[in-house]
Number of protein chains: 2
Amino acid sequence: MSRDTGSFVDAMHGGRPLHAEVRAELTRRIDSAVYPTDAPLPSASALAREFGVSMITVKRALKDLQNEGLLTSRAGLGTFVKRPKKFVRDYNMSLNSMDDAQRLGFEPRIDLLSITMEAPADILAGVPDLPRDPMHCVKKAIYADDVPIMYDVSFVSADLGDAFLQLVGKHLIYDALTKIGVKIRKTELIIDATPASPETQAVCGVSSGYPCLLRRYRYETDREGLLFFGQVESPFDKLSCTITMES
Amino acid sequence: MSRDTGSFVDAMHGGRPLHAEVRAELTRRIDSAVYPTDAPLPSASALAREFGVSMITVKRALKDLQNEGLLTSRAGLGTFVKRPKKFVRDYNMSLNSMDDAQRLGFEPRIDLLSITMEAPADILAGVPDLPRDPMHCVKKAIYADDVPIMYDVSFVSADLGDAFLQLVGKHLIYDALTKIGVKIRKTELIIDATPASPETQAVCGVSSGYPCLLRRYRYETDREGLLFFGQVESPFDKLSCTITMES
DNA sequence: GAGTGGTCTAGACCACCCT
DNA sequence: GGGTGGTCTAGACCACTCC
C-alpha cells in the first residue's frame with residue numbers, strides 16, 4: 001500500500017471529495033505504468049480495502065475514469081487500462097484522388113446496419129430545416145483494426161437504386177461516389193462534441209455520457225440533384241480531425 | 001403520478017436498469033416541457049417517492065442527465081432544466097476582415113487568467129513534438145452573454161513585450177494580431193472531443209467527464225518568427241464549429 | 001463455485017441556500 | 001430552521017466469466 005489509510009480520510013475532510021482522491025491516485029498509477037496497458041486493475045473490493053474507503057467510492061472513481069477514457073470494465077472479467085489508439089480524419093485530403101485507406105491511415109471495415117426510409121427531421125435531432133419527408137437512410141458502423149470508431153447515419157437525396165445504396169452501405173461516401181464516377185463539389189461540415197447517442201453506445205461499446213466527436217456533413221456533387229447529408233459520431237479517444245487553411 | 005410504481009419495478013426486471021428507466025421518463029418530461037426551461041425539478045427525494053425507487057437511483061439518473069447537458073444542479077438550490085444556447089465558430093471567415101464579434105455572432109468578454117512562462121510540453125498533454133523550453137503562455141476565459149464558453153491556453157513564440165501579451169490576454173488572437181498589423185498566413189487545426197479538463201471544469205462550471213470540444217490551433221503569421229499555438233476547450237452545449245470546402 | 005463489475009437499497013452527514 | 005444536492009457507508013442481489 002503506497003499511501004496509508006489515514007491520508008485519504010484526512011484529505012476528504014480538508015478539500016477534495018474522497019472519490020476524487022482515489023481517482024487521482026489511480027490516474028497516477030496508470031500514468032506511471034504501475035498498472036500497465038491492457039492489464040487488469042485490482043478488483044474494486046481489493047482497492048477499497050487498500051484505500052480504506054467503501055467499495056461504492058472506489059466504483060465511483062472507476063466510473064469517472066471510464067468516462068475519461070482511461071479504463072474499461074467488463075462485468076465478470078475485471079477493469080482494464082485502455083490502450084490509447086487514435087485515428088485522424090484529415091479533411092485536407094478529402095477532395096483529392098487518394099483512396100480512403102490512405103487518407104485515414106488504416107483499412108476500414110464497414111458493417112452495414114440498415115437501409116431504410118426515414119424522415120431526416122426524426123433522426124438528426126437538433127438540426128434545423130431538415131426534410132420531414134422520408135428519404136433513403138443508410139446506417140453503418142466503421143471499424144479500424146476491428147475496433148469500432150464511427151457510427152454513421154447518412155441520407156441520400158436521389159434514388160439511384162438498391163445496388164447504389166448497398167455500395168454506400170459498404171464504403172465511405174467518398175469511395176462510393178468515386179466508384180460511380182461522381183465528384184464532390186462542396187463539403188459543409190459542422191463539428192461538435194456530444195455525449196454518446198444510444199446507437200453509438202451500442203456500436204462502440206461506450207457508456208451514456210461518453211464524450212464523442214460529432215461531425216454533421218453535407219456533400220454536394222456534380223450530378224444534378226444528388227446530395228448527401230448525415231452525421232457520424234466517434235468516441236473521443238478513437239478519432240480526431242485536422243484541417244489546414246492557407247491565406 | 002404519471003406512471004404507477006409497479007411499471008418501473010417491472011421494467012427493471014425485464015430489461016434496462018432502473019436508473020435508465022428513470023432517466024428516460026425525466027427526458028420525456030423535459031422534452032415535452034412538463035419541466036420547463038430554467039424551472040426547478042421536484043427534489044430528488046420527491047422524485048424517489050413518486051417513482052417508487054431509492055433516492056440514490058434518482059440521483060444516478062440526474063447525474064447522467066447532467067452529463068448529457070439537459071440539467072444542472074446547485075447544492076442547496078435545486079436541479080434545473082438547462083436553457084439550450086449554443087454559439088458557432090465559423091472557420092470560413094477566420095481569415096477575412098470581419099471582427100470577431102461579427103464572426104462569432106456575439107460580443108465576447110474575456111477574462112485574462114494568467115501570463116506566465118511555461119513549457120508547452122508540460123501543459124498541452126498528448127501533443128507530440130512540443131518545445132520543452134519555457135515560452136510565454138497566456139491563459140484566458142471567454143464569455144458570451146456572461147456565460148463561460150471557452151478556456152484558452154496559448155503560447156507565443158516571440159517576445160513582443162508585456163503590452164502585447166496583455167493585448168493577447170484581452171482579445172481573441174485574430175483581433176490581437178489585427179491591432180498590431182500582423183496577418184495570419186496559415187492555420188492548422190486539430191479538432192477533437194475530450195472530457196473536461198480540471199481548468200475547464202472550473203472556468204465553465206461543468207463536472208469531470210463532461211463532453212467538450214477541443215481545438216488545437218497553430219497560426220503562422222507574416223512576421224518572421226512569430227507564431228501562436230495552443231488549445232481551446234468548450235463545453236459541447238456551448239460551441240460548435242463549421243467549415244466549408246469547395247472544389 | 002468463486003470472483004468480478006453493475007446495480008439497487010436504506011440511512012446518514014455535510015455544505016449550501018433560502019426565509 | 002428546513003430544504004436542497006453532494007457525498008459516503010454497509011450490505012445485498014444479479015449476470016457474467018473463468019476454472
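Chain A is the first sequence line, chain B the second, and so forth, proteins listed ahead of strands; every chain is numbered from 1. The structure presented is a predicted model; accordingly, all values stated were derived computationally and were not measured.
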>> Any side-chain N or O of B:S54 below 4.0 angstrom from OP1/OP2 of C:dA10?
In response: no

> Quick one: B:I56 CD1 to C:dG11 C1', roughly how many Å, whole number?
Replying inline: 9 Å

> Nearest heavy-atom pair of B:S197 and B:E233: which atoms, and what distance?
Replying inline: N-OE2, 2.8 Å

> Is any side-chain nitrogen or oxygen of A:S73 closer than 4.0 Å to OP1 or OP2 of C:dT4?
Replying inline: no

> What distance do A:D111 atom CG and A:D152 atom CG have between them, rounded to the nearest 0.5 Å?
Replying inline: 12.5 Å

> Under 3.5 Å, is there a donor-acceptor pair between the B:D90 and B:T242 side chains?
Replying inline: yes

>> Rounding to an integer number of Å, can you tell me how far A:L18 CG sits from D:dA10 P?
In response: 11 Å

>> I need the CE-C1' distance between A:M55 and D:dA10, as an integer number of Å.
In response: 11 Å

> Considering all heavy atoms of both residues, which atom of B:I149 and which atom of B:S234 are nearest to each other, and what is their separation?
Replying inline: O-OG, 2.9 Å

> Roughly, in whole Å, what's the span from CZ in B:F51 to P in C:dT9?
Replying inline: 13 Å

>> From CG of A:N67 over to P of C:dG5, roughly how many Å is that when rounded to an integer?
In response: 17 Å

> Looking only at heavy atoms, which two atoms of A:I190 and B:S240 are closest? And how far apart?
Replying inline: CG2-OG, 4.1 Å

> What string of B, S and - do you get for nucleotides 13-19 of chain D, 5' to 3', when a contact is any protein heavy atom under 4.0 Å?
Replying inline: ---BBS-

> Below 4.0 angstrom from OP1 or OP2 of D:dT4, is there any side-chain N or O of B:T79?
Replying inline: no

>> C:dG3, OP1 or OP2 - any side-chain N/O from A:S43 closer than 4.0 Å?
In response: no

> Roughly, in whole Å, what's the span from CG in B:L62 to C1' in C:dC8?
Replying inline: 16 Å

> Minimum heavy-atom separation for B:R215 to B:C241, with atom names?
Replying inline: CD-SG, 4.5 Å

>> Between P on C:dG6 and CZ on A:R60, what's the gap in Å once rounded to a whole number?
In response: 15 Å

> Which heavy atom in B:Y210 sits nearest to a heavy atom in B:Q66, and how many Å separate them?
Replying inline: CE1-O, 3.2 Å

> Roughly how many Å is it from CG in B:L26 to P in D:dG5, rounded to a whole number?
Replying inline: 12 Å

